[in-house]
2 protein chains.
Amino acid sequence: MARLKDVAQAAGVSIATVSNVLNGTKAVTPEVERRVLEAIARLGYHPNPHAQSLRTGHSRTFGLLVPDLTNPYFPALVQAVEATARAHGHALLVMDAGNEAEREAEALALMANYRVAGVIWVPVADRGTANGHFPIVTVDRPVAAYDAVVADHRQGGALVAQHAFDLGHRRVGLLSGPRALPSAALRREGFLAAAAGRLDVVWEREVPFSSDLPPDVVARLAEPECTLVACANDAVAVGVLRALRSANLRVPEQVSVIGFDDVPWADFVEPALTTVRQPLGALGADAVTMLQARIASPELPPQRLTLPVELIERRSAARPVSIRVAGDDARTRPRPSPPRVAASDAPTGEGDGRPALHTEACG
Amino acid sequence: MARLKDVAQAAGVSIATVSNVLNGTKAVTPEVERRVLEAIARLGYHPNPHAQSLRTGHSRTFGLLVPDLTNPYFPALVQAVEATARAHGHALLVMDAGNEAEREAEALALMANYRVAGVIWVPVADRGTANGHFPIVTVDRPVAAYDAVVADHRQGGALVAQHAFDLGHRRVGLLSGPRALPSAALRREGFLAAAAGRLDVVWEREVPFSSDLPPDVVARLAEPECTLVACANDAVAVGVLRALRSANLRVPEQVSVIGFDDVPWADFVEPALTTVRQPLGALGADAVTMLQARIASPELPPQRLTLPVELIERRSAARPVSIRVAGDDARTRPRPSPPRVAASDAPTGEGDGRPALHTEACG
DNA sequence: CACGCCTGGTTAAACGTTTAACCACTCGTT
DNA sequence: AACGAGTGGTTAAACGTTTAACCAGGCGTG
C-alpha cells in the first residue's frame, strides 16, 4: 500500500508537506497542493490509521457498547450510529455486554486501550459504573457524569394516556415496567400525570419487561374491569394479548391494548399493536453528533438531549363499545388534532423532526 | 498509560525482553519472567494495539460486514461473532452495508485500510464482489473464492416437507423465496425433493421476503385448496396468517402454516409459528473460528461449513382435520422419531450440536 | 540598504511496538 | 586448551504518521 513517503516522492515534495495538505495544517502553494493531490489520487493513497493513532494518541474510531444486541431495541440504534459515524469518517467498534456488568466493564477497558475517540454507551443498569477517561455519551439510560440522549419516555406515557382519553376510555389498567429503570419510571409518571382527573386507573401492577406475565396479572386480565390496558412494553403487550385471548376477550372490541417501543414486529401481532415509537435512528445519530461536540469541547458540563416520541396508531386500541355514540363511527369520526407535547422534565434537548428510520424484515 | 519502557524499567530489564515474555518469542530465565510479569501486573500494562498494528502490519481486530442490521436475522449473528471474537482477544469493527453494493464495497475498503486481521462477511447479493486482500469468510451467502459457513437450507426445506407429511398433510401450497438467493433456492429444492411422491404440491409461487403478499397470492389463499402452506420466510408466513384470517380461515384448524428462520418474534404472532430455526449463534461462532483457521493457513483451498437447522414446532401447524382418524389424537399420538437429516449438497461441514442461542426481548 | 518578519517549505524526532542482529557467557567436545 | 554451539539477554532499526524546530528567500519598513 502506498505510504506518505511514496506520495511525497511522486509529488517531488517532502512527506511533511503531504501531511500538511492532507490535514490543512499549514498553507501550501496552489501548485504544490495540486501536485500532491494528484499524486494521492493516482496512487490511491489512504493514511494508515494505526500510524496516525500511534502518533496522535487517539483513533478515528468510536466505540458502541450495548447491553444485549438481541434486544429488538438496539439493531436500529447501532445501524444509525454506524451510518452517521461512518459518514463522519469514523469506524465503529461494537461490543455487547451480554447484560453483565462484568463484561461491560471489560468492554469499556478494552475500548480505552484501543484509544477510541469516544464511546456511545447504553449501560446495562443505571449503576453509575463510571470508568476510563474518554468522552462518553450514554443513550437511553443516563449516567450522571456523562452526556445523555434519551427518548422522552415521560411524554410517551402522557401520549398513551391522552390517546386512551381521546378514544373515549375512562377506566384503564396499567402494567408498568420495573420501577428501577428510569425509562419505565418516567413512562409511568407521564401516564399517571396525564391521566389525572380524566382517566380512572382502576389497577396498576409493576411487571418485568417480558411477555410472560405473572399469574395474578393474567387472572386479573380475565376480569379486567377496564376498557384499556396500557403496557410497559410491546413484549408485555403481547403477553396481555395472549391472556386476553385465552380469556376469550376480543381486542380491541372488548378491551384495548397499547404497547410501548414499536419494536419491528409490532405490526405483525394480532391485532397490530398501537404503541409509541422511540426515534431510534435519531437517537443514534444525535448520540454521535453529541459525542463529537463533546470531543471538541471536553470542558462543557454534561448535556442532556431528549427526543420526542410518537404514537403509532394501529389496531389494538379503539373506542370502547360502552360509550360508542350512535352515528359516531370510529372510521369516519374526525380525529382530534394530535395532543401538543408537553415539555418533559429535562428540557435541554431540541429534538429535530428527523423522520424515523424505516426498518423492514426480510430473508 | 504504562508503556513497554516503563515495564522494562520497573523490572530492570530491556524492552525487548519484556516483549519476548509477552509474546513467548524467546526463552527467558524463570526469575526474569517472574519480575517482568510482576511489573506488568503492578503497572496494569496493556500493549498499545496501534503500535502493534503499525509494526506488524495487521491488527487484532476482525471486521464484520452485514447487509442490514435491522434484518432480524443478524443481531444474534453479530452478538455471537462479537462474543467469540472477544473471547479470542479480538475486537470487532462492525459495518452495515444498508443493502447497497456501493456501501458494501466502501466498507470492505475501509476494513482493508484498517488492516483488520480478517473479515466475516454477509454479502448483500451473491454478486461475487471479490475485493481487498485479507482473509474472508462469508456467512449465509457463499462467494466462490472464500470460505463459507451456511445453514443447511436444503435440509430445512426437507424438514418442513417431512413435518407436513408426518402431520398427515397431503395437499400443500408452497410460497418460495426469490430464486436468485441461494438460500431460498435451496430451501425450495429440499422441500420439493422431500415432498416428491408423498406430498402433492398443488401450487407454488415465488414471492419476495416480505409480509406484503402479491394480490394473486392473497386471492389464492382465500381458496387454498390445500391443508398447509409452506412459507419462504417467517415474514411471508405472517403475511399468510393475515390473508388467511381475513378470509376467515382458521389456523391451524383449517390450514396449517410453516415459516422459516425462527425470528425472535415467531413465538409472538397468533398462532405462534411453527418454523425452522437457523443456528445463528453457531453460525457466528464457527465463522470466527473458521476465520482464524484461514489466517493460520492462508494457502488452503476455500472451505465450506454447513450447519444443521432445527424444526421448531409451535402452534401454526397441526394435523389436518380432513384426515384425522378416529381415536388418533394429535396430543397422544406418538411422534415419529425425528427424520434423519440427509447430507446436503456441500457436505464439507461437520456441524456440531451446539445449542442455539436463547434470545429474549425486553425493554 | 540592512533588518526583521512572514511564507512555504524541509529535517528530524517521537509515538510504542517487534524483531533482526549482535554479544557475553557457559558448556560439552575434541 | 581451544573451539563451536547453544542460552539469555541487549541494541537498534523499522513500521507510517504528526509536528516542533529550523531555514531560505521575498518584502515592507525604518
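Note on naming: letters A, B, ... go to the chains in the order of the sequence lines (proteins, then strands), and numbering restarts at 1 for each one.
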Query raised in the report: How is B:T17 classified with respect to the nucleic acid when contacts are heavy atoms under 4.0 Å: base, sugar-phosphate, or nothing?
Result: base
Query raised in the report: Which is true for A:A16 with a 4.0 Å heavy-atom rule: it touches a base, it touches only sugar-phosphate, or it touches nothing?
Result: base
Requested in this report: Determine the contact category for B:T29: base if any of its heavy atoms lies under 4.0 Å from a base atom, sugar-phosphate if only primed atoms, P, OP1 or OP2 are that close, otherwise nothing.
Outcome: sugar-phosphate
Query - d(CG, B:L22; P, C:dT17) in whole Å - result: 9 Å
**Report entry** Rounded distance in Å - CD (A:Q52) to C1' (C:dA14)
**Finding:** 16 Å
Query - Donor-acceptor contact below 3.5 Å, side chain B:R103 vs main chain B:M95 - result: no
**Report entry** d(CG, B:N23; P, C:dG16) in whole Å
**Finding:** 17 Å
**Report entry** Separation of C:dC15 C1' from B:L4 CG (nearest whole Å)
**Finding:** 13 Å
Query raised in the report: Which ring pair (Phe, Tyr, Trp, His ring centres under 6.0 Å) pairs, counting each pair once, include a residue from residues 12-50 of chain B, with sequence neighbours left out?
Result: A:H50-B:H50
Requested in this report: List in chain and number order the residues that pass salt bridge (charged side-chain N to carboxylate O under 4.0 Å, His left out) with B:D147, two or more places apart in sequence or in another chain; answer none if no residue qualifies.
Outcome: B:R294
Query raised in the report: The side chain of B:L54 lies closest to which of these nucleotides: D:dT19, D:dC15, C:dC15?
Result: D:dC15
Query raised in the report: For A:R115 and C:dC15, what is the distance between atoms CZ and P respectively, to the nearest whole Å?
Result: 13 Å
Query raised in the report: For A:V124, does its backbone N or O pair with a side-chain atom of A:R141 as donor and acceptor, under 3.5 Å?
Result: yes
Report summary line: For A:R115, the salt bridge (charged side-chain N to carboxylate O under 4.0 Å, His left out) test, sequence neighbours excluded, returns none
Query raised in the report: Quick one: A:I15 CD1 to C:dA13 C1', roughly how many Å, whole number?
Result: 11 Å
**Report entry** Comparing B:G12 and B:A51 on DNA chain D - which has the more 5′ nearest nucleotide
**Finding:** B:G12
Report task. Measure the distance from CG on A:N48 to P on C:dC15 and round it to the nearest whole Å. Result -> 18 Å
Report summary line: B:R60 meets the salt bridge (charged side-chain N to carboxylate O under 4.0 Å, His left out) criterion, sequence neighbours left out, with none
Report summary line: Sequence neighbours excluded, the answer for salt bridge (charged side-chain N to carboxylate O under 4.0 Å, His left out) partners of A:E38 is A:R42
Query raised in the report: Which nucleotide, C:dT17, C:dT11, D:dT17, lies nearest any side-chain atom of A:S14?
Result: C:dT11
Query - Those residues of residues 32-45 of chain A lying under 4.0 Å from DNA chain C by at least one heavy atom - result: A:V32
Query raised in the report: Rounding to a whole Å, what distance do you find between B:H46:NE2 and C:dG16:C1'?
Result: 16 Å
Report task. Identify which nucleotide among D:dT19, D:dG8, C:dT11 has an atom closest to any side-chain atom of A:N20, counting heavy atoms from C-beta outward. Result -> D:dT19
